[in-house]
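What follows is a set of notes on a single structure, which appears directly below.
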Amino acid sequence: MLDPKRLRSELADVAAQLKTRGFELDVAQIEVLEVQRKEWQVKAQDLQATRNSRSKEIGKAKAQGQDIAPLLAEIEDLKTQLEQAEQKSDEVQTQLDDILACVPNTPHESVPVGASEDDNVEIRKWGTPREFDFEVKDHVDLAEARGWFDNDAAVKVTSSRFAVMKGSLARMQRALIQFMLNEHGQAGYEEVYVPFMVNQDSLRGTGQLPKFEADLYKISKNDEHDTNDRDLYLIPTAEVPVTNLFRDEIIDEADLPIKCTAHTPCFRSEAGSYGRDTRGLIRQHQFEKVELVQVVHPEKSHQALEELTGQAESILQKLGLPYRVVNLCTGDIGFSATKTYDLEVWLPGQEAYREISSCSNFEDFQARRLKARFRGGNGKPQLAHTLNGSGLAVGRTLVAVLENYQNEDGSVTVPEALRPYLGGAETI
RNA sequence: GGAGACGUGGCCGAGAGGCUGAAGGCGCUCCCCUGCUAAGGGAGUAUAGGGUUUGUAGCUCUAUCGAGGGUUCGAAUCCCUCCGUCUCCGCCA
């Protein structure tokens, strides 16, 4: 959520910034509502002040044994006036809140202006795609030939876009998770285990709600005396439970930066993306991911984004997977992000770089709704900055390892870094 | 899942319709005293929002005692719903 004060004091400026990411802010409506908000809020508060002081007078008079009736008569219509003013004030405030909840973050100045992913800017490349002297297979052909991947079984058990993996592939996925968690742990990220279902408050905190409910799997409690806000959702990313650990918390400044890592499955319905990446493991309703989360001092968040991105990169480097880093343009960054680097890994089966990690700085956008704060030197709580990034998407890493390390005979060489996690095996 | 007890500031803990944004204690900050240490004395110590304002200064108003409703001129206090914690029983990995 943007700072409401910014919408009052620099509305035109904010609207211009949002326009670069293709969002039209309804300036006229906000101005109208803002005038009403001020009018009714002031009125309601004035009436509350009157009521409070009158009630105290009544209390005193009663204590002294005086007749209260005339005082009561005096404030007879105060109550209805107050109710009206409060109702009106709430109404306007709710309208403003609803608008604000759907306004995305403003992009950082270092974000390239552009309309779509075509305008993203490549920052750097690492590694050289391997030259194959045989015909490369994509991960699906590779895995099916070895009996590692069984799409029919997944469809039977659940439906399309779910995976059943067997044998060495299943083991390698587990190895990748262990490897990533250990690496991040050694780099100072504390490992945390979190629930895979979250409530609405958490989803609002990180910005998935109210705008992106369609992408989420909702668990209905199916119980007649449960209210709506008890409904839980499967997490679309560990970002939600992990970042929400800091909701309504005031952190000691000395404890910043906080760095966490977590492995979770992720569940996404992605209703709009049917038809894309229908083959194989690239786009699934359920996938494994290791996530990195940081809560930092506001002055250090952009520096922290570089560090966090570098941490995700280090996994690709240790696995020897060629990749590039892309600075997402204003038209392509996510709703809550002020700046995002995507890591794209080279997939020989597609002869393309494909997203394997997305590292974002949200500045105080999430922290404001989360009330994730720290107490600074002046003793006053202030909003922290939050960041997160995939470190990495495990399913896609698995795809990348298969395709980049495939051999002509259909076997796959195990990247050296991963061998200790697979009993020392050199190939699978 | 059943039965009971309970949810107050950083923590402990009073308060049971009005003078309570909340006694007291602990902790913390500042000051005084004491040749270090210990002890003692004094002051301060929630969060959010609004108005005023060049101002994150000052002044002022409002809201918040688990959350949300309700009763009342007035609610931490009474009523309802929900959430959570503890104890006992049941069930279970």
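Chain identifiers are assigned alphabetically (A, B, ...) following the order of the sequence lines, protein sequences preceding nucleic acid strands; residue numbering begins at 1 within each chain.
The aromatic rings of F162(A) and H285(A) sit tilted relative to each other, their planes meeting at an angle between 30° and 60°.
If you check every strand for non-hydrogen atoms under 4.0 Å, R368(A) touches nothing. Here K43(A) lies out of heavy-atom contact (under 4.0 Å) with every strand. The residue P4(A) sits apart from the nucleic acid: no heavy atom pair falls under 4.0 Å.
Screening residues 91-117 of chain A for salt bridge (Lys or Arg N to Asp or Glu O under 4.0 Å) gives K88(A)-E91(A) as the qualifying pairs, with residues at least two apart or on separate chains. Within the structure, the salt bridge (Lys or Arg N to Asp or Glu O under 4.0 Å) test picks out the following pairs touching residues 290-300 of chain A (sequence neighbours left out): K289(A)-E291(A). Each salt bridge (Lys or Arg N to Asp or Glu O under 4.0 Å) pair with one or both residues in residues 11-25 of chain A, not counting sequence neighbours, appears once here: K19(A)-E24(A). Among residue pairs with one or both ends in residues 45-58 of chain A, those qualifying as salt bridge (Lys or Arg N to Asp or Glu O under 4.0 Å) are R54(A)-E57(A), R54(A)-E74(A); sequence neighbours excluded.
Taking a cutoff of 4.0 Å between a charged side-chain nitrogen and a carboxylate oxygen, R279(A) and D141(A) qualify as a salt bridge. Contact check on E363(A) versus K339(A) returns no salt bridge, with no Lys/Arg side-chain nitrogen under 4.0 Å from an Asp/Glu carboxylate oxygen.
Using atom P as the reference point in both C80(B) and C6(B), the two lie 14 Å apart (nearest Å). Here, C92(B) and U77(B) have their P atoms 42 Å apart, quoted to the whole Å.
The 5' end of RNA chain B is approached more closely, in terms of each residue's nearest nucleotide, by R375(A) than by the other of R375(A) and V42(A). Along RNA chain B, the nucleotide closest to K38(A) and the one closest to Q382(A) are compared, and the more 5′ of them pairs with Q382(A).
To the nearest angstrom, P of G50(B) lies 11 Å from CG of D97(A). Spacing between atom CG of D201(A) and atom P of C82(B) amounts to 18 Å, rounded to whole angstrom units.
One side chain, Y233(A) or E213(A), offers a donor N or O that lies under 3.5 Å from an acceptor on the other. Checking Q95(A) against Q36(A) by side-chain atom types alone, no donor-acceptor pair falls below 3.5 Å.
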Exercise for the section: Going 5' to 3' through nucleotides 60-77 of chain B, assign each nucleotide B (protein heavy atom under 4.0 Å from a base atom), S (under 4.0 Å only from sugar-phosphate atoms) or - (no protein heavy atom that close). Expected result: -BSS--------SBS---
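Stem analysis of RNA chain B (Watson-Crick or G-U pairs, both distances under 3.5 Å, runs of at least three) returns B:1-7 with B:83-89, B:10-12 with B:24-26, B:27-32 with B:40-45, B:46-52 with B:58-64, B:66-70 with B:78-82.
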